[in-house]
Structure formats: C-alpha cells, structure tokens
There are 2 protein chains.
Amino acid sequence: MSLQQQPAKEQRRTRQRAAVDEVLEETEDFISAQDLHAALRSRGMSVGLATVYRTLQTLADNGQVDVLHTSSGEAAYRRCARDEHHHHLVCRSCKATVEVAGPAVERWTRSVAKEHGYVDVAHTLEIFGLCPRCAAQA
Amino acid sequence: MSLQQQPAKEQRRTRQRAAVDEVLEETEDFISAQDLHAALRSRGMSVGLATVYRTLQTLADNGQVDVLHTSSGEAAYRRCARDEHHHHLVCRSCKATVEVAGPAVERWTRSVAKEHGYVDVAHTLEIFGLCPRCAAQA
DNA sequence: ATGAAGAGTGACAACCATTGTCAAAATGAT
DNA sequence: ATCATTTTGACAATGGTTGTCACTCTTCAT
C-alpha cells in the first residue's frame, strides 16, 4: 500500500525466487511469510525461511507485491492484478480479497495533508469484513 | 480505528491505571506500550510492563484510546479528543498527529463493501507524511 | 472497621514474527 | 571452466507482546 518503490535492483534468477513467485502466482489471497514458507515445504519446494522473508521484502520494495499488516501486526503479501495504486476489501475469516480503486479517497487524503502542511504523504486503507460465503455459514 | 468495543467491563481503580491514564492524558501523540512504560519509569511512577500492556489493551477494547500499527508493526496508542469515529494524519518523523474526519470516506467504504456483499465491515485508514516542522528541517 | 472474594499486579518465562550472521553454494559474465 | 559477486540457509539474536502464578490491593457486605 505504500507509494515508494526502488529502481528495481539487478537480481539473479534462482530456484528459490522462482518457487516463491510460483506460489504467489497461484495464491489468490494475502499470505504471510510463515504460511508461504510452509506452503513451499508442503510442495516439496523447500526454501529457507530467511530467504522467503528476503524475497518477499524485495518484491514489496519493487512494488511487485502488495503488503498489508493484519490486526495482529503480521505482514501478509499478495500479487495483485492491477498495477496502479489501489486498496483491498478483505474477508476477516477466509481472507478472500477484492481489489478496489478509490480515486475520491486519494484526492481526499491529498487535500487533507496539504491543508495541514504535511508533505511526502502516503496512506494505508484496508477494508475488513465478512465475505458473502463466510457470512452465510456464520 | 476499529469499530468493535465491548460493553466496558467493571474495573477497579488502581494506582497503575491512574498512572497510565495520566501519561496518556499528557501525551499529545501516539505512543507505544514500551515507550509509555519507559515514560512511567522516568517519572518515578513505576508500573509493570505487563500491566501497561494489559491496561492499554483494555482501554483500546473500550474505545477509550485509539490504536494504530506503525509500519514496523508496533502498536501505538493515543487518547483522542473527539469521540466519534475518525482518522489520523501522522508525522512519520515526530508523530505529530492531526485528527481528521472523512464522512465521504466512510460512505465510500460502506458502499464498496455492500457492492461486494461483505458485511460486518470495518476499516483502517491512516495518513502518514512529514509535518511542516519536520519538513522544514529536513 | 474488618474480612472474604476476586480483580489486578509484576517479575519472569515463553512466544513468535522478523532480522542478523557468515560460511558455503549458485549465478552471470569473461 | 573461472572468477567476482550475489544468494542462500541454518542458526542465533532481537524485540514486541502475551502467558503464568503467587502475591497484593479494591471492593463490598457485614
């Protein structure tokens, strides 16, 4: 959700990064580093935990994955369809995610910041709820 | 920033809770549990770390303080002036905070959620930037 | 007041996500 | 193939937060 993203440093192609990419590609919802690591193990594509953390961090820095912090403070990652800035509507229970754009919100945050003289502004906005499926069986 | 807040359990008045309250009252900006604990120590009003955590958690559950998670995942607490739902414009550097209300944003999140059939919706929205003072000396 | 019942406290251990370390392994260019 | 450089991974270390549990303090009925 942050705005800053580096000039994408030169990187080497490694089995580990390919593995992380693959799982991210196939994972529809936000997933934590720990869970991604576990997913890799269970597929037999074992990758060191530190490497998973490093890879995700790099992807996040390059803006190739979105990061969000759950209410417990744990970071979760997701490869998003749209490239432009957007936000997420996330199911509290199953993590089902919908990408949403809110031009009005973007304008509003900018104007609020300017109004108070704040510069170099970024913002986080996530919407949490129960998706239709989970609400039904609740 | 969350919506849920319990029916405010019965609580006893203790020296420790009064101390935490006092510091919160005098602290303009968001402060972490660790920092609050340190502040208490330095004032000679020593309170156990676990107690500080418990007290802040209770206050947060009762909606008496607002909580926000910094980018590093650390939780920060603040006693806010306005009682109604609102958001914060926070200085990345010095933590200077401005409370802002955004009725339009509230409406927008509700409509987005409804549009996708999500219920029991809550949202987090924080704006980070550099306050005028910090921007000047940067 | 006084005492009983139970909430609250604190020192410490335990947790757990995340980061640091560093020697060994893998990669890309020559 | 060779070498300079990047990357990896097992493990230690960090740091915020929560769990534990015997002891202390509030509260309230007597």
Side-chain angles (χ1 to χ4, degrees), chain A residues 2 6-24 27 30-62 64-78 95, chain B residues 2 6-24 27 30-62 64-78 95:
Chain A
S2 96
Q6 319 304 309
K9 303 201 186 79
E10 75 304 304
Q11 299 178 201
R12 296 185 173 175
R13 262 79 61 85
T14 66
R15 169 181 71 76
Q16 292 82 344
R17 290 213 244 262
V20 170
D21 272 347
E22 185 182 325
V23 172
L24 279 176
T27 304
F30 278 93
I31 185 172
S32 70
Q34 297 282 350
D35 288 349
L36 179 36
H37 178 247
L40 284 166
R41 289 195 85 79
S42 74
R43 294 190 189 197
M45 312 186 295
S46 189
V47 175
L49 181 57
T51 300
V52 172
Y53 272 101
R54 278 186 299 242
T55 303
L56 287 172
Q57 186 126 331
T58 302
L59 289 172
D61 287 348
N62 294 350
Q64 291 162 33
V65 296
D66 278 7
V67 192
L68 80 73
H69 287 80
T70 69
S71 55
S72 70
E74 191 179 11
Y77 305 81
R78 180 175 190 270
K95 301 282 175 57
Chain B
S2 96
Q6 318 304 310
K9 303 201 185 81
E10 73 303 304
Q11 298 177 202
R12 297 184 171 176
R13 262 80 62 80
T14 66
R15 169 182 72 76
Q16 292 83 344
R17 289 213 242 263
V20 170
D21 272 346
E22 185 181 325
V23 173
L24 278 176
T27 303
F30 278 93
I31 186 173
S32 70
Q34 298 282 348
D35 288 349
L36 180 38
H37 178 245
L40 285 166
R41 289 195 85 79
S42 74
R43 294 190 189 198
M45 311 187 296
S46 191
V47 175
L49 181 55
T51 300
V52 172
Y53 272 101
R54 277 186 298 242
T55 304
L56 287 173
Q57 186 125 331
T58 301
L59 288 172
D61 287 348
N62 294 351
Q64 290 162 34
V65 296
D66 278 6
V67 193
L68 81 73
H69 287 79
T70 69
S71 54
S72 70
E74 192 179 12
Y77 304 82
R78 180 176 191 269
K95 301 282 175 59

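We name chains A, B, ... by the order of the sequence lines, and we start the count at 1 in each one. Heavy atoms only: backbone and side chains are in, while hydrogens, waters and symmetry mates are out.
- In this view, B:T27 and B:V23, B:I31 satisfy the side chain to side chain contact (heavy atoms under 4.5 Å, CB included) rule, not counting sequence neighbours.
- Partners of B:T14 by side chain to side chain donor-acceptor pair (under 3.5 Å), not counting sequence neighbours: none found.
- Note: CG (A:D61) to P (C:dT18) measures 15 Å, nearest angstrom.
- Contacts of B:S42 classified as side chain to side chain donor-acceptor pair (under 3.5 Å), with partners at least two apart in sequence or in another chain: none.
- With sequence neighbours excluded, no residue satisfies salt bridge (Lys or Arg N to Asp or Glu O under 4.0 Å) with A:D35.
- Here B:Q16 pairs with nothing under the side chain to side chain donor-acceptor pair (under 3.5 Å) rule; sequence neighbours left out.
- Computed from coordinates, the A:Q11 CD to C:dT27 C1' distance equals 13 Å when rounded to whole Å.
- Distance B:Q16 CD to C:dG10 C1': 9 Å, rounded to the nearest Å.
- Annotation: salt bridge (Lys or Arg N to Asp or Glu O under 4.0 Å) contacts of A:R54 (sequence neighbours excluded): none.
- Of the candidates D:dT8, C:dT19, C:dG10, the closest approach to any side-chain atom of A:Y53 belongs to C:dT19.
- We find the CZ-CG distance between B:R41 and B:L36 to be 12.5 Å, quoted to the nearest 0.5 Å.
- Spacing between atom CD1 of B:I31 and atom C1' of D:dG16 amounts to 15 Å, rounded to whole angstrom units.
- Atom-to-atom, CG of B:L59 to P of C:dG8 comes out at 12 Å; the value is rounded to the nearest Å.
- Taking a 4.0 Å limit (strictly below) on heavy-atom distances, residues 34-49 of chain A reaches DNA chain C at A:Q34, A:L49.
- Taking A:Y77 as the reference, nothing meets the ring-ring contact (aromatic ring centres under 6.0 Å, His included) condition, with sequence neighbours excluded.
- Using modelled atom types, no side-chain atom of A:R13 and backbone atom of A:A18 make a donor-acceptor pair closer than 3.5 Å.
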Once pairs are restricted to Watson-Crick or G-U wobble with both distances under 3.5 Å, how does DNA chain D read as a dot-bracket string, [ ] for crossings and | for other-strand pairs? ||||||||||||||||||||||||||||||
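- As judged by a 4.0 angstrom heavy-atom cut-off over every strand, B:T51 is placed among the base-contacting residues.
- Contact annotation: A:R13 side-chain N/O to C:dT27 OP1/OP2 distance is not under 4.0 Å.
- Here C:dA17 is the nucleotide among C:dG10, D:dT8, C:dA17 with the atom lying nearest to any side-chain atom of A:E74.
- Distances shorter than 4.0 Å separate none of the side-chain N or O atoms of B:R17 from OP1 or OP2 on D:dT26.
- Listed pair A:R15 / D:dG9 meets the phosphate criterion, a side-chain N or O lying under 4.0 Å from OP1 or OP2.
- Separating the CG atom of A:L56 from the P atom of D:dT8 is a distance of 12 Å, rounded to the nearest angstrom.
- Under the side chain to side chain donor-acceptor pair (under 3.5 Å) criterion, A:T58 pairs with no residue, sequence neighbours left out.
- Considering only side-chain atoms of B:Q57, the nucleotide from D:dT18, D:dT8, C:dT18 that sits closest is D:dT18.
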Pairs: protein N or O with nucleotides 3-5 of chain D N or O, under 3.5 Å:
| residue | atom | partner | partner atom | Å |
| --- | --- | --- | --- | --- |
| D:dT5 | O2 | A:R12 | NH1 | 2.7 |
| D:dT5 | O2 | A:R12 | NH2 | 3.0 |

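- The phosphate of D:dT8 (OP1 or OP2) has a side-chain N or O of A:T14 nearer than 4.0 angstrom.
- B:R17 places no side-chain N or O within 3.5 Å of a backbone atom of B:T55 that could act as its donor or acceptor partner.
- Applying the side chain to side chain contact (heavy atoms under 4.5 Å, CB included) test to A:E22 and every residue at least two apart in sequence or in another chain returns A:E26, A:R43, A:M45.
- Residue-level contact check: B:R54 touches the bases, meaning some heavy atom is under 4.0 Å from a base atom.
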